[in-house]
Amino acid sequence: MPKITLPDGSLRSYDEPTTPAAVAADIGPGLAKAALGARIDGTLCDLATVINEDVELGLVTAKTREGDVDEDALFLIRHSCAHVMAEAIQAVFPGTELVYGPPVENGFYYDMAFPDGRSISTEDFEAIEAEMKRIIKEDRPFCRYGMPAGDGLEKLRSEGSKYKVDNAERAIEAGSDELTWYATGEPGKDWEDLCRGPHVPSTGRIGAFKIMTLASSYWHGDENSDRLTRVYGTAFADKKQLKQHIHRLEEARKRDHRVLGKQLKLFTIDEMVGQGLVLWTPNGAMVRHQLQEFISEELTRQGYNQVFTPHIGKLDLYRTSGHFPYYQDSQYTPIIDRAKLHELAEEGCSCGDLANLMNEGEIDGYLLKPMNCPHHIRIFASEQRSYRDLPIRLSEFGTVYRWEQSGEIGGMTRVRGFTQDDAHLFCREDQVAEEVQGCLSIVKLIFGTLGMEDYRVRVGLRDPDSSKYVGDPANWDRAEQACRDAAATLGVPFTEEPGEAAFYGPKIDFVVRDVIGREWQLGTVQVDYNLPERFDLEYIGADNQRHRPVMIHRAPFGSMERFIGVLIEHFAGAFPCWLAPEQVRVLPISEKSADYADEVLAKLKAGGVRATIDHGADRIQAKVKVAADMKVPYLAVVGPRDAESRMVSVRAFGVDRNLGEVPLDDFVTEVTAEMNSRGATRLLDRFETPSE
RNA sequence: GCCACCGUAGCUCAGUGGUAGAGCACACCCUUGGUAAGGGUGAGGUCACGGGUUCAAGUCCCGUUGGUGGCUCCA
């Protein structure tokens with residue numbers, strides 16, 4: 001006699017076991033028709049799930065009662081669409097083995113193994129989609145049936161799919177005593193897939209779908225295992241939502257930093273120079289310069305000392321730090337003396353021998369630095385240090401080089417040479433908490449000034465069951481607490497992730513999303529008990545004994561490349577005035593105002609404003625359009641009227657009208673004030689502007 | 001590195017085996033116009049690179065290189 005509580009609090013009683021579908025039908029035919037699935041005590045289920053006890057029941061429809069897209073509905077639709085796609089692909093490519101097909105953010109995928117020699121191309125999408133449409137039109141029910149684990153495994157083995165057997169074995173290992181299948185139609189007759197569900201009631205409920213792209217993947221994510229083909233698709237409740245999704249992808253593309261980087265001439269990447277090596281063109285270099293200046297000023301205020309170190313260092317340095325032996329795969333190969341190479345070649349030394357000689361330290365060479373810390377450590381070690389000197393905070397915009405796999409490189413977010421906003425703090429154990437805290441205050445300030453609130457924070461803690469960590473557990477506890485406390489002060493969501501600490505210390509990471517939804521790690525703050533040990537660092541304590549300092553690595557914005565890449569997207573290329581490469585463009589109405597326009601330009605430049613002038617023969621409409629294309633924050637339009645009254649007519653990026661006339665001197669003063677205050681005061685505040 | 005797609009003028013792109021195109025940008029001329037593109041003329045290409053098939057290749061095939069999406073990895 002199940003009693004069912006609905007989301008509005010109302011109660012329905014049944015004399016015998018029922019299903020969400022039946023409850024929906026009781027409530028009304030509209031709901032029965034719209035329901036795609038159910039939430040039973042919060043768990044997403046099929047509409048056909050039998051209810052034989054008291055539960056809280058919610059029915060899943062395409063839209064929530066507030067009218068938003070229901071994420072659970074999308075999950076059901078996409079998961080179901082993955083089945084339909086798999087069936088269609090098997091129909092078009094007989095012999096294809098299925099591996100795993102889950103819904104993911106923005107869609108779904110299905111990993112599959114094509115029969116020998118067959119491969120799928122985007123040209124096949126049309127045929128597959130046609131087959132999918134046919135299956136959807138047939139509106140076949142998704143029918144679930146189960147079997148005891150042993151019998152189910154037997155069935156799968158007899159069918160001969162090693163991947164599905166593997167999936168089942170994993171499910172059983174995880175504690176399932178039953179395996180379930182979903183047939184698209186009649187079990188035993190129609191297509192089916194091992195699946196725990198849930199699904200929409202029938203194929204016809206998949207409103208709109210599209211196969212998006214192909215990728216390769218590895219079985220279990222292991223590159224030494226089978227290579228699989230991954231087919232990505234997406235599905236929505238209706239065509240309109242699908243269309244909106246595709247439109248959003250197109251819009252996102254417009255603010256992609258790679259597109260804007262070209263359009264606004266911020267940077268270029270030249271295949272002649274090398275993959276993943278960013279050339280900062282003047283506009284981008286100016287943005288970077290302004291940002292570095294901002295960061296540097298704050299670091300000075302916080303007691304950091306700036307240093308400069310070279311781009312290479314001896315191999316032995318990185319043997320000591322551990323970078324060379326442990327992270328060889330992601331380094332450029334070492335630089336070895338030419339004469340030495342000739343000599344070895346004459347002795348018949350092979351490449352393998354050479355690698356061994358380097359690994360064993362028999363020959364030395366130089367490494368393009370993969371990290372800045374060893375250099376900074378040697379600066380610390382260059383003098384005897386007293387406890388009174390600590391903390392010592394050495395900062396550098398330090399350029400490092402890493403060998404990333406070619407398929408990974410892209411734009412400014414993943415590159416092979418990049419400049420970190422790096423610093424290393426050397427402190428006493430009792431100073432760790434305060435120093436970690438200090439590292440975060442700059443993050444707050446800079447993210448705050450830039451209006452970047454959309455980031456998340458991960459606190460990486462040690463895995464309590466592992467012994468791989470170096471350092472004293474009591475110190476670890478304190479350092480972990482310091483990281484937690486510091487993260488809490490940021491006022492953004494943070495997660496604690498046990499097991500995610502480095503072996504040498506706990507850390508705090510900052511993660512942001514780019515315009516196409518990919519997550520990127522920006523900065524990090526890491527406590528390190530390992531390197532001071534490896535380099536035998538010490539200071540003299542108040543007790544006149546030698547002590548080991550603790551190191552903190554911190555690069556809160558990660559790299560200038562990645563950070564500015566993300567920043568370009570954050571502002572959609574429209575930088576605030578203080579960061580913009582070109583802050584003001586002077587636009588004379590005609591040649592008659594050329595002299596006055598030149599005077600305006602000269603005054604702006606004298607005030608330190610990055611201003612240009614457009615003396616072209618175009619009409620003012622064209623000049624405004626061209627300046628808007630470059631997203632110049634302020635336009636100073638000057639014509640005979642302005643010259644007469646010694647004013648400029650102001651127009652601001654993003655405001656589609658002439659804001660009005662401002663006396664020339666006021667204009668210069670206010671733009672300068674805006675620049676110098678990094679946007680704390682704005683010229684725009686002078687006008688009544690419509691809210692953006 | 002793996003899979004798929006792509007690389008044509010400075011930029012964005014059209015061109016599906018038969019004499020390389022458009023818009024914007026650029027140069028010159030006309031226009032001197034008050035807030036998101038006035039008009040004309042012109043210059044600009046080893047169709048990423050290397051090989052092959054063909055009477056004929058931007059177009060088809062192979063290789064290389066670079067880009068994009070994804071996988072994997074990430075101090």
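- Within the nucleic acid shown, Lys262(A) comes within 4.0 Å of sugar-phosphate atoms alone, with no base atom in reach, counting heavy atoms only.
- Pair assignment for A36(B): none, as no Watson-Crick or G-U wobble contacts are both less than 3.5 Å.
- The base of G34(B) sits with one of its N or O atoms less than 3.5 Å from a complementary donor or acceptor on the side chain of Asp642(A).
- Contacts of Arg651(A) with the nucleic acid, taken as non-hydrogen atoms under 4.0 Å apart, include base atoms.
- Within 3.5 Å, a donor on the side chain of Arg414(A) pairs with an acceptor on the base of C74(B), or the reverse.
- Annotation: of the two residues near RNA chain B, Arg416(A) and Tyr232(A), the 5′-most nearest-nucleotide partner is Arg416(A).
- A donor-acceptor contact under 3.5 Å links the side chain of Ser216(A) to the base of G70(B).
- Classification of Asp166(A) and Lys162(A) as a salt-bridged pair fails, no side-chain N sitting under 4.0 Å from a carboxylate O.
- Proximity note for Val626(A) (side chain, C-beta onward) versus U12(B), A37(B), C71(B): the nearest is A37(B).
- The pair Arg393(A)-Glu435(A) counts as a salt bridge, with a side-chain nitrogen and a carboxylate oxygen less than 4.0 angstrom apart.
- For Ser649(A) against G34(B), a side-chain N or O and a base N or O form a donor-acceptor pair under 3.5 Å.
- Using C1' as the reference atom, U59(B) and U19(B) are 15 Å apart when rounded to the nearest Å.
- As judged by a 4.0 angstrom heavy-atom cut-off over every strand, Thr229(A) is placed among residues making no nucleic acid contact.
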Considering only distance and modelled atom types, tabulate donor-acceptor pairs under 3.5 Å from the side chains of residues 267-275 of chain A, sequence neighbours left out.
from, atom 1, to, atom 2, distance (Å)
Asp270(A), OD1, Met272(A), N, 2.6

